[in-house]
Amino acid sequence: MARIEKDIYVNDAYLNLSDDDFKPMIRLTIKRKEKFFGPGVATLLHLIDEHGSIQSAAKYMNMSYSKAWKIIKRAEDELGFQLLVSKNGGVGGGSSEISQKGRAFLNDYDSFAAEVKEYTASVAEKYFKKINNTGEDVKNDSIGNA
């Protein structure tokens with residue numbers, strides 16, 4: 001399973017970039033009335049899927065359970081459907097899993113983010129290839145004055 005990063009970085013290997021080259025960085029966030037879904041929420045859902053609970057996923061992300069719960073609830077309110085199906089604790093504790101609609105939405109978000117990432121890489125290569133390949137000062141380059 002590919003985990004979504006906090007910020008979506010274009011894969012350096014895809015662009016053949018060195019550590020000194022420019023690298024585009026984007027953050028894909030979805031909004032309705034307010035921002036409600038982005039790479040952090042996607043990561044939280046992937047971790048809930050992996051660990052089976054909000055508590056474990058929140059701990060892995062160094063956030064409180066209540067903050068994780070509020071993030072999920074805000075996304076559910078904006079989407080109009082449940083992202084998770086939760087079972088209350090008992091002796092062994094509670095558990096959560098991604099709902100069918102939640103999984104479909106997360107898969108769509110992941111696919112959308114991957115496509116945007118790929119497009120961003122190709123556009124970055126178009127605009128920064130000359131600078132990255134020559135190592136010249138941008139002021140001396142024919143692409144314009146900086």
Side-chain angles (χ1 to χ4, degrees), residues 1-133 135 138 141 143-146:
M1 161 183 29
R3 189 171 293 153
I4 298 295
E5 301 169 11
K6 191 150 183 124
D7 290 299
I8 303 170
Y9 295 93
V10 175
N11 185 336
D12 295 351
Y14 178 80
L15 291 174
N16 289 327
L17 296 175
S18 74
D19 287 339
D20 295 328
D21 289 336
F22 291 116
K23 295 170 191 73
M25 202 174 90
I26 59 169
R27 181 174 170 82
L28 186 62
T29 304
I30 298 175
K31 175 184 176 187
R32 188 170 268 158
K33 293 176 186 169
E34 61 181 76
K35 295 177 191 175
F36 70 91
F37 201 94
V41 184
T43 298
L44 179 60
L45 287 174
H46 281 294
L47 289 169
I48 291 168
D49 195 33
E50 192 175 310
H51 294 273
S53 77
I54 298 171
Q55 180 69 40
S56 295
K59 186 175 182 179
Y60 189 88
M61 292 181 74
N62 294 318
M63 84 171 55
S64 69
Y65 171 85
S66 62
K67 181 175 181 179
W69 183 247
K70 286 176 188 175
I71 289 168
I72 296 295
K73 292 308 289 174
R74 181 175 59 210
E76 289 178 339
D77 289 345
E78 290 292 320
L79 287 166
F81 59 84
Q82 284 188 310
L83 291 169
L84 300 177
V85 176
S86 297
K87 296 176 184 157
N88 288 335
V91 175
S95 66
S96 295
E97 60 184 44
I98 300 175
S99 69
Q100 188 174 3
K101 282 185 175 183
R103 187 168 306 282
F105 183 80
L106 180 60
N107 288 340
D108 286 345
Y109 176 84
D110 287 346
S111 297
F112 178 57
E115 201 169 318
V116 168
K117 183 178 175 180
E118 186 176 320
Y119 178 73
T120 301
S122 67
V123 172
E125 189 168 24
K126 173 183 170 183
Y127 288 101
F128 299 121
K129 184 177 182 180
K130 185 183 276 187
I131 295 169
N132 286 338
N133 289 338
V138 72
D141 204 315
I143 61 172
N145 295 325

> One pair to check against side chain to side chain contact (heavy atoms under 4.5 Å, CB included): Leu45 and Tyr109. What are the steps and the verdict?
CA-CA 12 Å; Leu45 287 174; Tyr109 176 84; over 6 Å; no
> Which atom pair, heavy atoms only, marks the closest approach of Pro39 to Arg27?
CG-NH1, 3.6 Å
> Check step by step if side chain to side chain contact (heavy atoms under 4.5 Å, CB included) holds for Ile26 and Val116.
CA-CA 9 Å; Ile26 59 169; Val116 168; 3.4 Å; yes
> Just to verify, what does Arg32 make a side-chain hydrogen bond (donor to acceptor under 3.5 Å, both in side chains) with, not counting sequence neighbours?
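Checked Arg32 against side-chain hydrogen bond (donor to acceptor under 3.5 Å, both in side chains); zero matches.
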> Determine, stepwise, if the pair Val85 / Gln100 fulfils side chain to side chain contact (heavy atoms under 4.5 Å, CB included).
CA-CA 9 Å; Val85 176; Gln100 188 174 3; over 6 Å; no
> What class does the angle between the rings of Phe81 and Phe105 fall in, given that below 30° is parallel, 30 to 60° is tilted and above 60° is perpendicular?
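It falls in the perpendicular class, over 60°.
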> Which heavy atom in Phe37 sits nearest to a heavy atom in Ala75, and how many Å separate them?
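For Phe37 versus Ala75, the nearest heavy atoms are CD1-CB, 4.4 Å.
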> What residues, two or more places apart in sequence or in another chain, satisfy ring pair (Phe, Tyr, Trp, His ring centres under 6.0 Å) together with Phe36?
none
> Heavy atoms only: give me the nearest Met61-Leu44 pair and the separation to one decimal.
SD-CA, 3.7 Å
> Roughly how far apart are Leu83 CG and Arg103 CZ, rounded to 0.5 Å?
11.0 Å
> Can you see which heavy atom on Lys35 is nearest to which on Lys31, and at what distance?
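Shortest heavy-atom separation between Lys35 and Lys31 comes out as N-CG, 3.9 Å.
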> Got a second to check how far Lys33's NZ is from Asp77's CG, nearest 0.5 Å?
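It comes to 9.5 Å.
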> Rounded at 0.5 Å granularity, tell me how far CD1 in Ile48 sits from CG in Leu84.
4.5 Å
> Donor-acceptor pairs are to be reported for all side-chain atoms of residues 65-73 against protein atoms at under 3.5 Å, with residues two or more places apart or in another chain.
| unit_1 | atom_1 | unit_2 | atom_2 | d |
| --- | --- | --- | --- | --- |
| Ser66 | OG | Ser64 | OG | 3.2 |
| Lys73 | NZ | Glu76 | OE1 | 3.1 |

> Among all residues two or more places apart in sequence or in another chain, which pass the side-chain hydrogen bond (donor to acceptor under 3.5 Å, both in side chains) test with Ser96?
Ser86
> Nearest 0.5 Å, what's the NZ-CD distance between Lys87 and Glu97?
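Lys87 atom NZ to Glu97 atom CD measures 5.5 Å (nearest 0.5 Å).
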> By side chain to side chain contact (heavy atoms under 4.5 Å, CB included), which residues pair with Glu34, not counting sequence neighbours?
Arg74, Glu78
> Step by step, work out the side chain to side chain contact (heavy atoms under 4.5 Å, CB included) result for His46 and Leu106.
CA-CA 9 Å; His46 281 294; Leu106 180 60; 3.8 Å; yes
> Okay, side chain of Ser122, backbone of Tyr119: is any donor-acceptor separation there less than 3.5 Å?
yes
